[in-house]
Every structure is written in structure tokens, then in C-alpha cells.
Protein chains: 2
Amino acid sequence: MNLLFKALGDPTRREIIELLRKRDMNAGEIADHFSISKPSISHHLDLLRQANVVISIKEGQFITYSLNTTVFDEMVKWVIEVSDKKNKKTKK
Amino acid sequence: MNLLFKALGDPTRREIIELLRKRDMNAGEIADHFSISKPSISHHLDLLRQANVVISIKEGQFITYSLNTTVFDEMVKWVIEVSDKKNKKTKK
DNA sequence: TATATATTTAGGCAAATGTCTAAATACTTT
DNA sequence: AAAGTATTTAGACATTTGCCTAAATATATA
């Protein structure tokens with residue numbers, strides 16, 4: 001879960017996630033949305049892949065990236081749980 | 001939201017959050033749960049406070065820390081929204 | 001085969017992060 | 001007022017992060 005939080009702790013990477021939410025894209029298309037270099041985007045994509053937030057599939061000379069949203073489940077569960085205990089304490 | 005994700009991207013800080021879920025604690029009590037120095041814990045608490053995850057209240061010579069879970073709401077909303085690929089409309 | 005296109009890898013650099021010890025600040029008690 | 005307790009601030013250090021350019025790899029096309 002640490003890799004996931006770290007992955008989400010960068011605005012560029014969150015923007016990439018928001019892009020991929022609309023449709024799958026290859027690395028070049030993703031890079032075109034930003035003013036930083038392609039190698040830097042490639043690095044961000046690597047971190048997102050390590051955190052299992054995205055999946056990459058090679059298609060010819062392109063590499064298509066798509067979102068894997070299941071990885072968020074555990075995280076949301078943790079956050080809700082952490083929030084819930086506190087509520088319980090004040091509610092009861 | 002960046003400060004929040006960054007705050008959550010460290011295991012010690014997540015443990016602090018889990019501690020505070022059970023009950024409010026002062027800085028010394030929190031530090032006693034870890035093997036790292038008090039100044040380091042103080043720094044972690046500062047980051048959590050900057051991210052609005054905790055609130056600190058001075059009580060005599062102690063400083064009591066408590067969780068502020070409302071800050072998670074926006075984050076969970078973002079994650080859920082991003083996970084929902086079918087509804088691509090961005091609402092504010 | 002040679003050239004163009006897509007993407008990553010390598011290496012370097014400045015800034016941010018997480019840790020420490022020592023010192024400073026604030027409050028309490030004697 | 002002096003001493004003790006709680007916590008933070010300051011400064012240093014190694015590691016990580018995010019960015020860059022240049023080079024390498026892989027595929028497509030003339």
C-alpha cells in the first residue's frame with residue numbers, strides 16, 4: 001500500500017490516472033498532455049505500474065496503458081476503516 | 001490533496017493514524033510506540049497536521065493529537081470517481 | 001537494408017524526505 | 001527562582017524523488 005500512496009502523492013501521476021480514466025492511451029499520447037519530457041513521463045508510468053495502478057500492453061511499436069482500479073479497493077477500505085473507528089467512538 | 005497523499009505515503013505516519021483511531025494521544029505517548037526519535041515523530045506529526053489529518057491541542061505542558069477524518073472524504077471521493085470508468089463526467 | 005517512430009534506460013543534478021543529536025521553548029513543581 | 005518534564009526547532013547527513021539530455025532498444029516502413 002505504500003507504493004500506491006506514494007504513486008498518488010504526485011500531481012502529474014494523478015493527472016495521468018485521470019486521463020486513463022477516460023480511455024486507454026499509449027505513452028506518447030499521455031506525454032503529449034504534459035510539458036515535461038517523455039522520459040520523465042515514462043518514469044511516472046513505471047511508478048504507476050509498480051504500484052499496480054496501471055497495466056501496460058505492448059501493441060506493435062506502441063505501449064498502451066490502462067487503469068487497474070481494483071488496486072484502490074484495499075486503500076479505500078483502510079481509509080474508511082480508519083475513519084469509521086473514530087465515528088464509532090463519537091457516536092456511541 | 002497532495003499533502004494528504006504524501007502524508008499517507010509513509011508507514012510510520014499511517015501507524016500514527018491507526019494509533020489515534022483508538023484514542024487521542026499526546027506526542028510523547030505516540031513516540032513511545034516507535035523506535036525512532038521524538039524529534040522525528042514530532043516532524044511526522046507536523047506533516048500530518050499540515051495535511052489536516054490530525055489536530056493538535058495544547059493541554060498544559062502536553063500537546064494532544066487527535067484524528068480529523070473529514071479530510072479523507074475528498075480523497076475517497078476522488079478515488080471512487082476515478083475508479084468509475086463508466087461515468088466519465090467530471091463533476092465539481 | 002536503411003531510416004523513421006515509439007518508448008525506455010542511463011547518468012547526472014537539485015530539491016525533498018526521513019533520520020539523528022543538540023539546543024531551545026514552554027509549562028509544572030518544588 | 002531553579003529544576004524537571006514535554007515538545008519542538010535547528011542543523012547535519014544519507015537517501016529518494018523528479019526532472020533533464022543523450023543513448024539504447026524495438027518496431028514499422030520505404
Side-chain angles (χ1 to χ4, degrees), chain A residues 1-20 22-68 71 75 78, chain B residues 1-20 22-68 71 75 78:
Chain A
M1 201 151 65
N2 209 52
L3 281 181
L4 177 56
F5 276 124
K6 279 180 180 291
L8 296 176
D10 177 272
T12 299
R13 290 194 286 270
R14 287 198 304 279
E15 268 193 74
I16 291 174
I17 289 171
E18 288 173 8
L19 280 179
L20 292 180
K22 295 173 194 144
R23 63 178 176 84
D24 296 353
M25 292 173 101
N26 61 52
E29 289 175 314
I30 294 168
D32 287 345
H33 283 80
F34 300 90
S35 53
I36 64 184
S37 72
K38 283 180 184 186
S40 293
I41 293 295
S42 181
H43 180 56
H44 284 308
L45 288 171
D46 187 45
L47 295 176
L48 288 170
R49 201 163 39 70
Q50 281 180 50
N52 251 293
V53 177
V54 304
I55 291 159
S56 66
I57 294 167
K58 187 158 205 167
E59 289 177 349
Q61 90 198 107
F62 299 87
I63 297 179
T64 298
Y65 284 86
S66 58
L67 261 191
N68 171 38
V71 80
M75 194 197 86
W78 183 85
Chain B
M1 202 152 63
N2 208 51
L3 282 180
L4 177 56
F5 277 123
K6 279 180 181 290
L8 296 177
D10 178 272
T12 300
R13 289 194 289 270
R14 288 199 303 280
E15 268 192 75
I16 290 174
I17 290 171
E18 288 173 9
L19 279 180
L20 292 179
K22 294 173 194 145
R23 63 178 176 84
D24 297 352
M25 292 174 101
N26 61 51
E29 289 175 313
I30 294 168
D32 287 345
H33 283 80
F34 300 90
S35 51
I36 63 185
S37 72
K38 281 179 184 184
S40 294
I41 293 295
S42 182
H43 179 56
H44 284 307
L45 289 170
D46 186 45
L47 294 177
L48 288 170
R49 201 161 37 71
Q50 280 179 50
N52 251 292
V53 177
V54 304
I55 291 161
S56 66
I57 294 167
K58 188 158 203 165
E59 289 178 349
Q61 89 198 106
F62 298 86
I63 298 180
T64 298
Y65 284 87
S66 58
L67 261 190
N68 171 37
V71 81
M75 194 197 85
W78 182 85

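Computed over heavy atoms, backbone and side chain alike; hydrogens, waters and symmetry mates excluded. In this text, all values refer to a predicted model and were calculated from it rather than measured experimentally.
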Interatomic distance where [atom1] belongs to [X] and [atom2] belongs to [N] [whole Å]:
| X | N | atom1 | atom2 | answer |
| --- | --- | --- | --- | --- |
| Leu3(B) | dA16(C) | CG | C1' | 13 Å |
| Ile36(B) | dT21(C) | CD1 | P | 12 Å |
| Met25(A) | dT7(C) | CE | C1' | 15 Å |
| Asn2(A) | dT17(D) | CG | C1' | 14 Å |
| Phe34(B) | dT19(C) | CZ | P | 10 Å |

For DNA chain D, what residues of [range] have any heavy atom nearer than 4.0 Å?
| range | result |
| --- | --- |
| residues 39-48 of chain A | Pro39(A), Ser40(A), His44(A), Leu47(A) |
| residues 58-65 of chain A | Lys58(A), Gly60(A), Gln61(A) |
| residues 4-11 of chain A | Lys6(A), Asp10(A) |

>> The test is side chain to side chain contact (heavy atoms under 4.5 Å, CB included); show your working for Arg14(A) and Trp78(B) and say whether it passes.
In response: CA-CA 10 Å; Arg14(A) 287 198 304 279; Trp78(B) 182 85; 3.8 Å; yes
>> My understanding is that only residues two or more places apart in sequence, or in another chain, count here; which of them pass salt bridge (charged side-chain N to carboxylate O under 4.0 Å, His left out) with Asp46(A)?
In response: Arg49(A)
Would you compute the distance between atom [atom1] of [X] and atom [atom2] of [Y] and round it to the nearest 0.5 angstrom?
| X | Y | atom1 | atom2 | answer |
| --- | --- | --- | --- | --- |
| Met1(A) | Leu3(A) | CE | CG | 11.5 Å |
| His44(B) | Ile17(B) | NE2 | CD1 | 11.5 Å |
| Ser56(B) | Leu48(B) | OG | CG | 11.0 Å |
| Ile30(A) | Ser42(A) | CD1 | OG | 10.0 Å |
| Asp10(A) | Asn2(B) | CG | CG | 7.0 Å |
| Leu67(A) | Glu18(A) | CG | CD | 10.0 Å |

> Between Asn26(B) and dT7(D), is there a side-chain N or O to OP1/OP2 distance below 4.0 Å?
Replying inline: yes
> Within the pair Ser37(B) and dC20(C), is there a side-chain N or O less than 4.0 Å away from OP1 or OP2?
Replying inline: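 Yes, such a contact exists.
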> Quick one: side-chain contact (heavy atoms from CB on, under 4.5 Å) partners of Leu4(B), sequence neighbours excluded?
Replying inline: Leu8(B), Val53(B), Val71(B), Phe72(B), Met75(B)
>> Need one value for Arg49(B): base, sugar-phosphate or nothing, where a base atom within 4.0 Å counts as base even if backbone is also close, heavy atoms only.
In response: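 Counting heavy atoms under 4.0 Å across all strands, no contact is made by Arg49(B).
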>> Between Asn68(B) (side chain only) and Asn52(B) (backbone N and O only), is there a donor and an acceptor less than 3.5 Å apart?
In response: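 Confirmed, Asn68(B) side chain pairs with Asn52(B) backbone.
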Side chains of residues 57-66 of chain A: which donor-acceptor pairs under 3.5 Å do they make with residues two or more places apart or in other chains?
| unit_1 | atom_1 | unit_2 | atom_2 | d |
| --- | --- | --- | --- | --- |
| Glu59(A) | OE1 | Thr64(A) | OG1 | 3.1 |

